[in-house]
Amino acid sequence: MDSDDDFMSDVSSAEDFLDTQGSEDESLGEDFSDLDTGFSDDKDLLKQKRKPYEVKFKVLAPPDIEYEQLVQVNEVSAILGLPPESAAILLRFARWKKEKLIEGYMENEDKTLEDAGLGKSAQGSAKTEVIPGFMCDICCDDGDNLESYAMRCGHRFCVNCYRHYLAQKIKEEGEAARIQCPGEKCHRIVDSKSLDLLVTEDLRERYRTLLTRTYVDDKDNLRWCPAPECVYAVDCAVKARDLRRIVPTVRCRCGHEFCFGCSLNDHQPTPCTLVKMWLQKCEDDSETANWISANTKECPKCQSTIEKNGGCNHMTCRKCKHEFCWMCMGLWSEHGTSWYNCNRYEEKSGSEARGAQAKSRASLERYLHYYNRYANHEQSAKLDKDLYLKTEKKMTSLQSASGMSWIEVQFLDTASQALQQCRQTLKWTYAFAFYLARNNLTEIFEDNQKDLEMAVESLSEMFEKPVAELAELKVVILDKTTYCNKRRVILLSDTAENLKNGEWSFNIDW
């Protein structure tokens, strides 16, 4: 994605969100000029017009999330005249819907406090005490110097039992926001002040982490980045009702791109609902999918078995030297002509698809057409990545042989990233096309799809050249990389505009 994706920006409403033409990543707060976000601070980038398929979002680190909670807790505390720890319990009970909470509190204070687990009683104190003659109801200890603690509900237990109870809740059960008093049938919530007083530092840290996770899980506009071990969350204003009109792809600070709507890897241009239907269909037809995703095919000229070991679809039979397309098995020399339509599925005429059996066969052939190309791009992306990993090891040799610096040979990395991104887009265009009803817009979509596919195959083929030739091809590879990126932008922009405006027609009800 472009560099302006690495800034954050707030979203005021769903309509503003849908009208947004890009994505930003800025620091938390209104004035972020002095904060280190890890990204470029060129403010001119913020003024660039966003692309139709991009959305506004911001990336939050754990301290940012804690700060957001603190701000809201202090606001509610000031408005309702309650201690911050009580305001925090109320907000968590209301799933951080501040306005709704305040309205409910003003209408019926006692009910809101009771439902939230606070209550009105004010017994107990914010300190441990040694009370003569006290016996703990949990361990039945009644020692002379037995420290005890009671919350506002007045249920008193020894400090050791309280600590053991809280440790079990936090460490073993992963609970934080709704830890109740250990008293029988008592629904009072243990507040942060009580917990800080009773538990060790490591448990306090675990408690804060769990509260942060609960906060993100409770907020509709927040999602955790699904990348392994990533600690960031993404704030985006997309609503569930908007997911038929937009595919909200966001980019975490860790570099992972995913759909904010469903948390799957980037699946533009296909909406989440169609992605779910497509994946379910592929799973239901798993035996067919396994058959067509086999890695070997026969040469159309000499019938020798050929294995695909690279991302490029330009195949050359080692036995007879016949050049053909891995996808459609057609002559490779014809892939550059204007009439070649490897990506299109040609519908059978009525006379060719009469009867239930013929229609069933035609339906299967249509599905196989799109799935075959979907699966091929998925496989090719993996092969392209493997090829780059092998090429990367030879980049040092390229430096020595050509006299180029390490920075100068990074064009291979640029090309590899473009191939990965374009393959991902092309893969999902076939799932999208499977559900499209044919019309003039479909023709334009398929033309854009074909242009991107041909550019990707050309770049992939150049990428597989021997390392010794790569230095001479640097300018050509960079030009082709730029062209691939531009064709991807054109395809996604056109698809996103039509999706947002409700222009697409689909052959299913969804």
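Along the sequence shown, residues are numbered consecutively beginning with 1. Note that the structure is a prediction, hence the values are computed from the model and not measured. These values consider heavy atoms only, across backbone and side chains, with no hydrogens, waters or symmetry-generated copies.
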Between the side chain of Thr128 and the main-chain N/O of Tyr149, is any donor-acceptor distance below 3.5 Å? no
According to salt bridge (Lys or Arg N to Asp or Glu O under 4.0 Å), who are the partners of Glu114, at least two apart in sequence or on a separate chain? Arg188
Of all residues at least two apart in sequence or in a different chain, which pass the side chain to side chain donor-acceptor pair (under 3.5 Å) check with Thr481? none
With sequence neighbours left out, the residues meeting side chain to side chain donor-acceptor pair (under 3.5 Å) with Asp137 are none
Please confirm whether the backbone N or O of Val456 pairs with a side-chain atom of Ser460, one donor and one acceptor, at under 3.5 Å? no
Any side-chain to backbone donor/acceptor pair from Asn448 onto Phe445? Under 3.5 Å, distance only. no
To the nearest 0.5 angstrom, please state how far the CG atom of Asp141 sits from the CE atom of Met135. 9.5 Å
Test side chain to side chain contact (heavy atoms under 4.5 Å, CB included) on Lys169 and Val190; report intermediate values, then the result. CA-CA 11 Å; Lys169 286 291 182 181; Val190 179; over 6 Å; no
Can you give each donor-acceptor pair under 3.5 Å made by side-chain atoms of residues 75-92, sequence neighbours left out, with the distance rounded to 0.1 Å?
| from | atom 1 | to | atom 2 | distance (Å) |
| --- | --- | --- | --- | --- |
| Glu75 | OE1 | Lys98 | NZ | 2.4 |
| Ser77 | OG | Leu82 | O | 2.5 |
| Glu85 | OE2 | Lys193 | NZ | 3.4 |

Other residues, nucleotides and ligands only: do more than 12 of their heavy atoms fall within 6.0 Å of NZ on Lys97? yes
Counterpart residues, ring-ring contact (aromatic ring centres under 6.0 Å, His included), relative to Tyr207 (two or more places apart): none
Side-chain contact test, heavy atoms from C-beta onward, threshold under 4.5 Å: evaluate it for Ile246 versus Lys500 and give yes or no. no
Hey, what do you get for CG (Leu101) to CD (Gln72), rounding to the nearest 0.5 Å? 10.5 Å
Phe506 versus Leu436: any side-chain heavy-atom pair under 4.5 Å? yes
If you apply the rule side chain to side chain contact (heavy atoms under 4.5 Å, CB included), what do you find for Asp235 with Phe57, and how did you get there? CA-CA 5 Å; Asp235 185 347; Phe57 64 91; over 6 Å; no
Do Glu378 side-chain atoms and Tyr374 backbone N/O form a donor-acceptor pair below 3.5 Å? no
Before we go on, tell me: are the rings of Tyr370 and Trp278 under 6.0 Å apart, centre to centre? no
Short side-chain to backbone donor-acceptor contact, Asp242 and Lys239, under 3.5 Å: yes
Are any non-hydrogen side-chain atoms of Leu459 and Cys484 less than 4.5 angstrom apart? yes
Has the side chain of Thr209 got a donor or acceptor atom that lies under 3.5 Å from a matching backbone atom of Glu205? yes
Does Arg163 reach the main-chain N or O of Leu198 with its side chain, forming a donor-acceptor pair under 3.5 Å? yes
Residues in salt bridge (Lys or Arg N to Asp or Glu O under 4.0 Å) contact with Glu201, at least two apart in sequence or another chain: Arg204, Arg208
Quick one: does Gln69's side chain get under 4.5 Å of Thr212's, heavy atoms only? yes
How about Glu66 and Tyr215: do any of their side-chain heavy atoms sit closer than 4.5 Å? no
Please evaluate residues Ser194 and Asp191 with respect to the criterion side chain to side chain donor-acceptor pair (under 3.5 Å), reporting the C-alpha separation (whole Å), side-chain torsions for both, the decisive distance (0.1 Å), and the verdict. CA-CA 6 Å; Ser194 298; Asp191 57 54; 3.0 Å; yes
Does Gln180 form a side chain to side chain contact (heavy atoms under 4.5 Å, CB included) with Ile189? I'd like the steps, not just the answer. CA-CA 4 Å; Gln180 296 182 345; Ile189 302 300; 3.9 Å; yes
Side chain to side chain donor-acceptor pair (under 3.5 Å) involving Thr200 - partner list, sequence neighbours excluded: Asp202
Give me the atom names and distance for the closest heavy-atom approach of Cys282 to Tyr367. CA-OH, 3.5 Å
Scanning both residues in full, the closest heavy-atom pair of Cys422 with Leu452 reads SG-CD1, 3.9 Å
Could you tell me the separation between the CG atom of Asn485 and the OG1 atom of Thr425, rounded to the nearest 0.5 Å? 10.0 Å
Backbone N or O of Leu426 within a donor-acceptor pair of the Thr429 side chain at under 3.5 Å? yes
Test your reading of the model: is there a side-chain donor-acceptor pair from Arg241 to the backbone of Val238, 3.5 Å cut-off? no
Only counting residues at least two apart or in another chain, list the ones meeting side chain to side chain contact (heavy atoms under 4.5 Å, CB included) with Ile138. Cys136, Phe157, Cys161, Pro182
Flag, side chain of Asn376 to backbone of Asn372, donor-acceptor distance under 3.5 Å: no
Residues in side chain to side chain donor-acceptor pair (under 3.5 Å) with Asp218, at least two apart? Arg95
What are the two closest heavy atoms between Ile179 and Tyr165, and how far apart are they? CG2-CE2, 4.0 Å
For atom CD of Glu173, decide whether the heavy atoms of other residues, nucleotides or ligands shown that lie under 6.0 angstrom number more than 12. yes
Could you tell me whether the side chain of His369 reaches within less than 4.5 Å of the side chain of Phe434, counting heavy atoms only? no
State plainly whether the residues Glu453 and Arg373 are in salt-bridge range, i.e. N to O under 4.0 Å. no
Close side-chain approach of Arg156 to Glu129, heavy-atom, < 4.5 Å: yes
Report all side-chain donor-acceptor pairs from residues 259-275 shorter than 3.5 Å, counting only partners two or more places apart or in another chain.
| from | atom 1 | to | atom 2 | distance (Å) |
| --- | --- | --- | --- | --- |
| Asn265 | OD1 | His256 | NE2 | 3.3 |
| Asp266 | OD1 | Thr249 | OG1 | 2.9 |
| Asp266 | OD1 | Gln268 | N | 3.1 |
| His267 | ND1 | Thr270 | O | 2.6 |
| Gln268 | NE2 | Tyr53 | O | 2.8 |
| Gln268 | NE2 | Val247 | O | 3.4 |
| Gln268 | NE2 | Thr249 | OG1 | 3.4 |
| Thr270 | OG1 | Trp428 | O | 2.7 |

Could you tell me the separation between the CE atom of Met151 and the SG atom of Cys181, rounded to the nearest 0.5 Å? 4.5 Å
Partners of Glu147 by salt bridge (Lys or Arg N to Asp or Glu O under 4.0 Å), sequence neighbours excluded? none
Smallest heavy-atom separation, Ala233 atom then Trp224 atom, equals CB-CE3, 3.9 Å
Of all the heavy-atom pairs spanning Trp406 and Val409, show the shortest one and how long it is. O-CG2, 3.1 Å
Would you list the atom pairs, donor with acceptor, under 3.5 Å between side chains in residues 103-112 and any protein atom, with sequence neighbours excluded?
| from | atom 1 | to | atom 2 | distance (Å) |
| --- | --- | --- | --- | --- |
| Tyr105 | OH | Glu109 | OE2 | 3.3 |
| Asn108 | OD1 | Lys111 | N | 3.1 |
| Glu109 | OE2 | Lys120 | NZ | 3.1 |
| Lys111 | NZ | Asp115 | OD2 | 2.7 |
| Thr112 | OG1 | Gly104 | O | 3.1 |
| Thr112 | OG1 | Asn108 | O | 2.9 |

Student check: side-chain heavy atoms of Leu166 and Leu203 closer than 4.5 Å: no
Which atom pair, heavy atoms only, marks the closest approach of Ala433 to Arg366? O-NH2, 3.8 Å
